[in-house]
Trainee: 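First the structure, which I've put down as structure tokens, then a few questions once you've had a look.
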Amino acid sequence: MDPQQMAPSGPRKKRPRQVGASVASPPHDIKFQDLVLFILEKKMGTTRRTFLMELARRKGFRVENELSDSVTHIVAENNSGSEILEWLQVQNIKASSQLELLDVSWLIESMEAGKPVEMTGKHQLVVKTDCSGSHNPSFQKTPPLAVKKISQYACQRRTTLNNCNHMFTDAFEVLAENYEFRENEIFSVTFLRAASVLKSLPFTIISMKDTEGIPCLENKVKCIIEEIIEDGESSEVKAVLNDERYQSFKLFTSVFGVGLKTSEKWFRMGFRTLSKIRSDETLKFTRMQKAGFLYYEDLVSCVTRAEAEAVSVLVKEAVWAFLPDAFVTMTGGFRRGKQIGHDVDFLITSPGTTEAEEEQLLPKVINLWERKELLLYCDLVESTFEKSKLPSRKVDALDHFQKCFLILKLHHQLVDSGLSSREEGKTWKAIRVDLVMCPYEHRAFALLGWTGSRFERDLRRYATHERKMILDNHALYDKTKRIFLKAESEEEIFAHLGLDYIEPWERNA
Ligand code: DCT
Ligand code: MG
């Protein structure tokens, strides 16, 4: 199917539907127009929150699904005023207009009374002010707050692994991948950006009203959201999942070393299964693809955190055998708190080493593993660092550090003390491991880059468009001042860019 045909051609025809109310519940009359409530899920839990929201609505209260400008009161349970403020800050919501923080006891009493009861000190949640040196902590009334706009840049949003919008983001990721397979980068990026922004939301979208004010949601994206809200699924996503080309590309690219070009070729030749490809004698495979087929089962089954930790021990042992002062940091998805990954990424750097020592480390490590018969595949890429001084303008470009792409043999007994049950016979699992060696003065930039995810690309986009700076895995260049800005830590890079610091586990955009 042509990518153009895959795109929805315009807004979907609408069915009569309640706008603004939860799709799951019938509309209720609002009796108390002056109050707009938002019930905080934190420490309360989804079930209780949903129950209270429904009950309050039935009693005539206006309860919003999300925190918006119109909200006048936040209702929370087991949270102090400071905790709510902290939560608001994490959601990127800053203080500015009038907003009250109330304990759930006020809502319960009000519902019992059938009308809002007076808000007294016992209901109002207070925020501790700075009380340094004082034995008598002073309190202030809830400060004014207002909802801050959600940024179009992922680097200005906090995106943890706690995704409340899986239903939508999974759909967008399928569509983005399909467009990528069809080399339609624009549409692919549209859906990836949409997925990224929804992952940062602290609430689940349950009506189209919830999408108001959210950036990166183009019309074609909103059509899919609307369809999922109404029907529980998207017909376009369903069609893609059943599409032969999508299924084949998905299968072919699951082999290490197989990209879009090879997949296209195999698809055109009429291949649909890996077994047919493997057994075809006319096909030529690269060394990478041969390894990909050889260890296919192991490599498609994701790397667990326990396996990643076991690999980390191996890497540290090997690196420290040659450079005892080296820093070895697990980067990639595991540094962002993920429990599984497709590989394990490590950044290695060492203060006070000569260039020659640095250059020799990865070859020595590889050699050691080869002697120990742990090396199943290795591709060492030499550093091209000196040749390019300026940060790259290409946001997707590879960096110039020396690195190696490996497949290591990880013995089961090294993982979880070998406790978990395994298939009989084979005593190890093949694991993809990437090692990057970077000069010590560039470690902060390399760490930021290799921690990922797409977040990092948005950080570069932000630097270019909002700060007239160029950021890459090596450096940050200020085009206005024409200088490189040094940084010893990731925090310093954020500060140079004028951004609030975002922790690695908040970078799962
Ligand atoms: N990276 C980079 N430059 C590249 C390739 C990758 O800076 N040319 C960064 C981005 C993410 C990080 O390195 C690790 O890459 P992956 O392992 O592909 O991603 P991941 O987030 O670790 O995901 P997974 O869990 O699938 O390994
Ligand atoms: Mg990784």
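Both counts, for ligands and for their atoms, begin at 1 and track the order of listing. No experiment lies behind these values; they were computed from the predicted model shown.
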Trainee: Using distance alone, decide if ligand 1 has a nitrogen or oxygen within less than 3.5 Å of any nitrogen or oxygen in Asp345.
Mentor: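 Asp345 vs ligand 1: N/O contact under 3.5 Å present.
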
Trainee: Is Glu264 salt-bridged to Arg245, cutoff N-O under 4.0 Å?
Mentor: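 Salt bridge: yes.
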
Trainee: Answer yes when Lys222 and Glu226 have at least one side-chain N-carboxylate O distance shorter than 4.0 Å, and no when they do not.
Mentor: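 Result for this pair is no, no salt bridge flagged.
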
Trainee: Report, in ascending order of atom number, the atoms of ligand 1 lying under 4.0 Å from any heavy atom of Gly333.
Mentor: 20 (P), 21 (O), 22 (O)

Trainee: Does the side chain of Tyr153 pick up a donor-acceptor pair with the side chain of Arg461 at under 3.5 Å?
Mentor: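 Tyr153 vs Arg461: no donor-acceptor pair found between side chains.
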
Trainee: Please determine if the Mg ion (ligand 2) has an N/O/S atom from Asp434 lying under 2.8 Å away.
Mentor: no

Trainee: Would you call Arg157 and Asp500 a salt bridge, taking side-chain N to carboxylate O under 4.0 Å as the test?
Mentor: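 Result for this pair is no, no salt bridge flagged.
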
Trainee: Are any of the N or O atoms of Gly332 closer than 3.5 Å to those of ligand 1?
Mentor: no

Trainee: Between Lys238 and Glu233, does at least one N-O distance fall below 4.0 Å, as a salt bridge requires?
Mentor: yes

Trainee: Under a 4.0 Å N-O cut-off, is there an ion pair linking Asp280 with Arg278?
Mentor: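 A salt bridge is absent here (no side-chain N lies under 4.0 Å from a carboxylate O).
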
Trainee: If you measure every N or O of Gly449 against every N or O of ligand 1, does any of those distances drop under 3.5 Å?
Mentor: yes

Trainee: Looking at Arg336, which atoms of ligand 1 are within less than 4.0 Å of one of its heavy atoms?
Mentor: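 Going through ligand 1 atom by atom, the ones under 4.0 Å from Arg336 are 21 (O).
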
Trainee: Does the N or O separation between Ser453 and ligand 1 drop below 3.5 Å for any pair?
Mentor: no

Trainee: Are the aromatic ring centres of Tyr246 and Phe181 under 6.0 angstrom apart?
Mentor: yes

Trainee: Counting heavy atoms only, which part of Glu456 comes closer than 4.0 Å to ligand 1: side chain, backbone, both or neither?
Mentor: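 Contact part for Glu456 vs ligand 1: neither.
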
Trainee: Just by distance, with hydrogens left out, do Asn79 and Trp87 show a side-chain donor and acceptor under 3.5 Å apart?
Mentor: no

Trainee: May I ask you to identify, for Asn473, whether its side chain, its backbone, both or neither come under 4.0 Å of ligand 1 on a heavy-atom basis?
Mentor: side chain

Trainee: Looking at Asp345, pick out the N, O or S atom nearest to the Mg ion (ligand 2) and give its name.
Mentor: OD2

Trainee: Below 3.5 Å, N or O to N or O, backbone or side chain included: is there any such pair between Asp399 and ligand 1?
Mentor: no

Trainee: What N/O/S atom of Asp343 is the closest to the Mg ion (ligand 2)?
Mentor: OD1

